[in-house]
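See below for the structure under consideration.
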Amino acid sequence: MNALAHPAYDSLLDRLHTCAPNLDNGNFNHLPMVIEALHALGLGYRAPAWIAEEESRFLPVMGPVEPIRADNLAAALGQRTRFADWVIYFADEIEAQGWIPVLDRWARRLAPGYITAAVHGPVRTGHAVRALRRADTLSRRTELAHALAAWAAMYRTLPGRQPASGLRAGSRPLRDVLETLPLVEARHRPQSGSISAGLLQIAGLDGFAAHIAGADLSGDPALRAEALIEVFLDLFVETVSTPYSMVVFTHAVTGASAAREMMAVTGERTGRALLAGAFGAGCALKAAFLPKTLPEALPARTAMPDDSAQHLSRRAEATRDDHAVKLTEAALGAYLRTGNRSAIEASVRAIEAVSA
């Protein structure tokens, strides 16, 4: 049986659905994403231990405030106190229309807010979508409702940037746009602290929005999604050497991976919006957080032995670090699909950054 088809995964989701999307320290609760990633890596049997270690930090879901309707929906976007209202709204919509039409409509609407909760809004949604594609169950539909609710309740767009339509007419290669990106002055780039707070500096960065709008997102959407993952894996390898940089740039990779998962079931228009959102978010992370000192290149590696993916999965889980697990799962998925060597190097970087 596929690990993500196992009913034990659903029972873990049911436990998490009594919790708010954030922890007692204000950080986003990664566990709905982590347990899905662990199951995808074949390590689902370790997921209960992760929940047991973290549950003292869980917060209960705040009660509903007011039902969300067509006439108050826009005002409820970005209102954290309305999380429970959004859960009810999305659960009802999914029950009435099916999860794929709801995802298609709302992923397109929310895509300009791809940086929501430091990209965790779309990333949690991507994990929920992959689990639903494996098995359509009530627990997984509920998880999608919670993921979309977190994205909607915490909704934020990039500072100083107008929401994108997702139908870009740019002509420059993704890598070229990323490599020539305008950057926040080095002395103002955070090396610790809140990612969401650090992203506020994009508001004062002249030319940022116009620059990223020049990226060519045309062509086969699935191929463009893989290309997006590839450029952010390369950025991760070139950039990460500390625990903080690992956390920051994990979100560029997992954000692109989440777009790919959602695009597997959405229409082309929504897919373009997701690509634009994921690329903009990754560019913003580089512009605001690129470390002042970049790491040395990793030594060249010979061909990977057959068990390397499994070995790296176990090493990532042993770090007990949420981001190392999520990065490794996304990277190994890319490696198995494309053979991209940067994916292996990124996983090694992530593990070593938190193990030093």
Side-chain angles (χ1 to χ4, degrees), residues 13 16-17 19-23 26-34 36-37 59 61 68 73-74 76-87 89-91 93-94 99 102-132 142-159 161 163-164 166 194-200 202 232 247-248 250-263 266 270-271 273-285 322-323 326 330:
L13 286 179
L16 292 172
H17 292 159
C19 307
N22 56 292
L23 299 172
N27 291 340
F28 202 88
N29 187 347
H30 295 94
L31 281 180
M33 301 170 281
V34 170
E36 196 276 342
L59 295 175
V61 176
I68 291 177
L73 184 149
L77 278 177
Q79 301 299 314
R80 290 173 177 256
T81 58
R82 304 296 300 279
F83 173 73
D85 296 328
W86 279 111
V87 170
Y89 172 82
F90 283 121
E93 291 286 290
I94 290 169
W99 69 269
V102 173
L103 174 72
D104 185 68
R105 185 171 72 255
W106 275 96
R108 183 167 66 250
R109 180 162 189 169
L110 296 171
Y114 217 86
I115 63 155
T116 293
V119 196
H120 289 117
V123 170
R124 182 172 178 179
T125 303
H127 283 282
V129 167
R130 181 169 58 184
L132 268 168
T142 301
E143 171 57 14
L144 179 61
H146 277 248
L148 288 170
W151 196 350
M154 300 180 179
Y155 183 80
R156 293 290 184 275
T157 58
L158 282 173
R161 178 180 170 217
S194 165
I195 294 174
S196 294
L199 286 169
L200 294 176
I202 297 297
F232 287 136
V247 169
V248 170
T250 285
H251 299 104
V253 175
T254 56
S257 183
R260 176 187 174 277
E261 293 295 341
M262 289 184 273
M263 289 168 62
T266 61
T270 299
L274 290 168
L275 284 174
F279 184 65
C283 286
L285 291 168
D322 302 346
H323 294 93
K326 292 192 297 172

Quick one, F232 and L285 - any side-chain contact, counting heavy atoms below 4.5 Å?
no

Salt bridge or not for E143 and R124, using N-O below 4.0 Å?
yes

Given 3.5 Å as the limit, does a donor-acceptor pair link the side chain of S194 with the main chain of A197, or not?
yes

Grab the two heavy atoms, one from A76 and one from I68, that are nearest each other, plus how far apart they are.
CB-CD1, 4.1 Å

Beyond-backbone contact of P122 with M262, side-chain heavy atoms, under 4.5 angstrom:
yes

Return the minimal non-hydrogen interatomic distance between A150 and F83, and the atom names on each side.
N-CE1, 3.6 Å

Quick one: are L23 and L59 in side-chain contact, heavy atoms under 4.5 Å?
no

Are L103 and T125 packed together at the side-chain level, in the sense that at least one heavy-atom pair is separated by less than 4.5 angstrom?
yes

Looking only at heavy atoms, the pair that brings A284 and L158 closest together is CB-CD2, 3.5 Å

Geometric class of the H17/H146 ring pair [parallel <30°, tilted 30-60°, perpendicular >60°]:
parallel

Side-chain heavy atoms of L275 within contact of M263, under 4.5 Å:
yes

Spacing of OH belonging to Y155 relative to CZ belonging to R80, to within rounding of 0.5 Å:
15.0 Å

Are the side chains of N22 and F28 in contact, using a 4.5 Å heavy-atom criterion?
no

If you take all heavy atoms of L73 and W106, which pair is closest and at what distance?
CD2-CH2, 3.4 Å

For the atom pair NE2 (H251) and CD1 (I115), what is the distance rounded to the nearest 0.5 Å?
12.5 Å

Just wondering, do H127 and P32 contact through their side chains at under 4.5 Å, heavy atoms?
no

Measure the acute angle between the ring planes of F90 and W86, then classify it against the limits of 30° and 60° as parallel, tilted or perpendicular.
parallel

Closest non-hydrogen atom pair, K326 against V34
CG-CG2, 4.3 Å

Would you be so kind as to tabulate the donor-acceptor pairs closer than 3.5 Å made by side chains of residues 254-261, with sequence neighbours excluded?
| from | atom 1 | to | atom 2 | distance (Å) |
| --- | --- | --- | --- | --- |
| T254 | OG1 | T250 | O | 3.0 |
| R260 | NE | E226 | OE2 | 3.0 |
| E261 | OE1 | R133 | NH1 | 3.3 |

Taking only Lys NZ, Arg NE, NH1 and NH2, and the carboxylate oxygens of Asp or Glu, determine whether D104 and R108 approach each other closer than 4.0 Å.
yes

Should the ring pair H323 and H120 be called parallel, tilted or perpendicular, given that the plane angle runs from 0 to 90° and is split at 30 and 60?
tilted

Find out whether P112 and T157 are in side-chain contact, i.e. whether some heavy atom of one side chain is under 4.5 Å from a heavy atom of the other.
yes

